[in-house]
Each structure stands twice: as C-alpha cells, then as structure tokens.
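Worksheet: one structure, shown below.
In what follows, every heavy atom counts, from backbone to side chain, and hydrogens, waters and symmetry copies are set aside. Chain naming here is simple, since letters A, B, ... match the order of the sequence lines and numbering starts at 1 in each. Computed from a predicted structure; not experimentally measured.
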Number of protein chains: 2
Amino acid sequence: MMTHNTTAEDMIRHHGGRATVGRIGILAILLAEQHAITHREIEQQLSETLPLDRVTLYRTLEWLVEKNLIHKVSSGDRVWRYHVNREMHTHQHAHFKCTRCAQVICLDDLPEKRNWQLPTGYRLQEIELTFKGLCAACC
Amino acid sequence: MMTHNTTAEDMIRHHGGRATVGRIGILAILLAEQHAITHREIEQQLSETLPLDRVTLYRTLEWLVEKNLIHKVSSGDRVWRYHVNREMHTHQHAHFKCTRCAQVICLDDLPEKRNWQLPTGYRLQEIELTFKGLCAACC
DNA sequence: ACAATAATTGCAACATTGTTGCATTTGATA
DNA sequence: TATCAAATGCAACAATGTTGCAATTATTGT
Ligand SMILES: [Mn+2]
Ligand SMILES: [Mn+2]
Ligand SMILES: [Zn+2]
Ligand SMILES: [Zn+2]
C-alpha cells in the first residue's frame, strides 16, 4: 500500500524533475483530494505542515501541469482549480461546479463528442464544458 | 434608421433607469460590437470620446447585466467579456474563443440540450460551454 | 562523504482585475 | 428652477497571479 507521498515522489521522478519536499507535499495533497481545489486551499493545507511561499506554489502547480501530472480548471470565478490526472483524465472531460459551496468535480467524459457545429472557417481545438448547479450535499 | 445611441437610450428608459451619458455611451458601444468585449476594450473606446471612471464602467456593466440588457461571458482567462442581448440570447447559448486573438463570439444555441448526465443527487441549473480554437481570421 | 552545479526556492516588487466607502454631481420630476 | 434620489469620481483596498534576482538545495560525479 503506497502512501500519497511515495506515489507523488514516484510520479515526479518519472518525469525527470527534482523530488523536492515542496513538490512532493503539493502533489500528495492533490492525490488525496477528490475535488479540484484552488491555490488558496492548497496553501491552507500546506500551512499546517509545510509552509511554502505562494510563488513557489504557483510555480510548482504550473510545473505539474506542464508535466501533465495535474490539470487546471477555470470555473467561472477568476480562480484556477487543480486536480490530479487520473486515467479517466487522459482525454478531455467536463466539470461540475456547485453554485453554493463552489466545489468542483471532474466528470467522466465530454458527452456526445460529435456534432459540434462551428461557423465556417473556424477550427476547433478544445471544448470547455462546465455544468453549474447544486451538489448532492447542497441540494 | 435608429442610431445606436437612441436605441441605447430607449433600452435604458424602458427599464426605469436614468439615461445618463455614460450608460448610453457604453450600451451604444456594445450595440455596435458583434463580439463579446472586455471592460478594458470598452474603456479604450470610451477614452476617445467620453472618458469615464473605471469604477463607473464596472458599475454600469453590472447594472446592464442586472437589467438583462447585456450578458457577460467568462472565457477562461480571468476576464469578463460583455455582449448585448439580442433575441437569440434569451436562452442559454455557447461561446467560441479564439486562442490566438482572444476574440469571443456568441453561438446560436446550446447544442443537444438533452442527455446531460450528472451524478445522483446533483441538480443542474446552468451550462457553460466554450469552444476554443482558431477563428476564421486566425486560421 | 564531499564538492560542483544546475534546478528550485524565497523575497520584494509589480501587474491586472475587480470592489467598497463616501463626498460630489447630475438627471428626472414637480 | 428647486429638489432629491440616483449616479459618478476618487482614493483606498482586495484577490489573484507574475517577474527578477539572490540564496538555497537536490542531484551527480568523485
Ligand atoms: Mn478536470
Ligand atoms: Mn453570449
Ligand atoms: Zn455544493
Ligand atoms: Zn482569432
């Protein structure tokens, strides 16, 4: 049974980066989290055990995104949320954001991938689909 | 043939607001614009003819959204874009954002409105769908 | 284990977008 | 034209994110 810390360290080393205590701690937090969480939320969790400069956190998250170990979600407020990449996330997927508690979850898939119709001359690269409403806890 | 200014003034009066020179000018700019544009872009257009405080612009845009004369779009960067409401916009619709020139257009409709599947207990209120890619000019 | 070195970090300063409080000005109405 | 609530301008603040650079640290070779 692997702890999140050792999993995180493995993931980082496999991508040729230095396995620093900060990177490991940050990725371990994201591995333990089932929702997509903000820079601020990660910072708060870190402050309990491993204080880290805000800038380092920003740069580490950016690095983890580059290495494709996590992805970030823009959910309408002007705040990025981060979530670890699991197998289901190798392709594009939709998100749900609760309008009451602001929690964001990743959904399995982009439903009905076909049939998106754009004006002529437009080239599609990526689809961003966010459902908003109330989560089960807030209903 | 109505000028955008008189159209704007009519729209504002019909909603019981004061027809100030600022509100009219802002709404006229949005009426003349086919794309969804940012606070910053509106400010630049205004600066040529009708300098206006940033805060007033923010508050006016908020007021126009409340009155349902315009709507705002969150397009992934942390910047709101504003677009006048036309008939086609009375219901929800998708948007396209060019990843090169950042232009945002409103698309006609939410394709395939049915069939969105959420986890049990979740209640859907709103769908935010943004296509990203290259516009005709940038292809 | 130690030194060399490049990658990572911390800190200060800055940028952008947006909000709030309050005094002043202005549009609508009588 | 006088009145007065609504709208505006200004200053200060807040949240989120970025940049430059010197100090630190993880890795590698010895
Ligand atoms: Mn996701
Ligand atoms: Mn729109
Ligand atoms: Zn909720
Ligand atoms: Zn373009």
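- Look at B:Glu43 and B:Arg54 and you find no salt bridge, because none of the NZ, NE, NH1 or NH2 atoms lies under 4.0 Å from a carboxylate O.
- Closest contact between the side chain of A:Arg23 and the listed nucleotides C:dT9, C:dG27, C:dT17 involves C:dT9.
- A:Leu27 places its CG atom 14 Å from the P atom of C:dT8, with the value rounded to the nearest Å.
- The nearest whole Å value for the distance from the CG atom in A:Asp77 to the C1' atom in C:dG18 is 13 Å.
- Within 6.0 Å of CD on A:Gln44 lie more than 12 heavy atoms contributed by other residues, nucleotides or ligands.
- Using a 3.5 Å distance cut-off with no hydrogens or angles, the side chains of A:His95 and A:His93 do pair a donor with an acceptor.
- Aromatic ring pairs are classed by plane angle as parallel below 30°, tilted from 30° to 60° and perpendicular above 60°; the pair B:His39 and B:Tyr58 is parallel.
- Rounded to an integer number of Å, the gap from B:Leu64 CG to D:dA6 C1' is 15 Å.
- One cannot find a donor-acceptor pair under 3.5 Å joining the base of D:dA7 and the side-chain atoms of B:Arg59.
- With distances taken from any side-chain atom of A:Tyr58 to the nucleotides C:dA28, D:dG17, D:dG9, the minimum falls on D:dG17.
- Ranked by how close their nearest DNA chain D nucleotide is to the 5' end, B:Arg78 and B:Gly16 are led by B:Gly16.
- Nearest-nucleotide positions on DNA chain C for B:Lys72 and B:Arg13 put B:Lys72 closer to the 5' end.
- Contact check, A:Thr20 against D:dT25: no side-chain N or O comes under 4.0 Å of OP1 or OP2.
- A:His15 has its NE2 atom 14 Å from the P atom of C:dT8, to the nearest Å.
- Rounded to whole angstrom, the span from the CG atom of B:Leu50 across to the P atom of C:dT26 amounts to 13 Å.
- Distances were taken from every side-chain heavy atom of B:Val55 (C-beta onward) to each of D:dG17, C:dT20, D:dG9; the shortest belongs to C:dT20.
- For the pair A:Asp53 CG and D:dG20 P, the computed distance is 17 Å after rounding to whole Å.
- Counting to the nearest Å, the C1' atom of C:dG10 and the CD1 atom of A:Ile26 are 13 Å from each other.
- For the OP1/OP2 pair of C:dT9 and a distance below 4.0 Å, the side-chain nitrogens and oxygens of A:Thr60 include at least one atom meeting the criterion.
- Which of D:dT16, D:dA6, C:dG10 sits closest to the side chain of B:Arg18 comes down to D:dA6.
- Close to C:dT17, at under 4.0 Å from its OP1 or OP2, lies no side-chain N or O of B:Arg54.
- The minimum heavy-atom distance linking B:Arg81 with B:Val104 is given by the pair CD-CG2, 3.2 Å.
- Distance NZ (B:Lys67) to P (D:dA6): 11 Å, rounded to an integer number of Å.
- Contact between the side-chain N/O atoms of B:Trp80 and the OP1/OP2 oxygens of C:dG18 is found at a separation under 4.0 Å.
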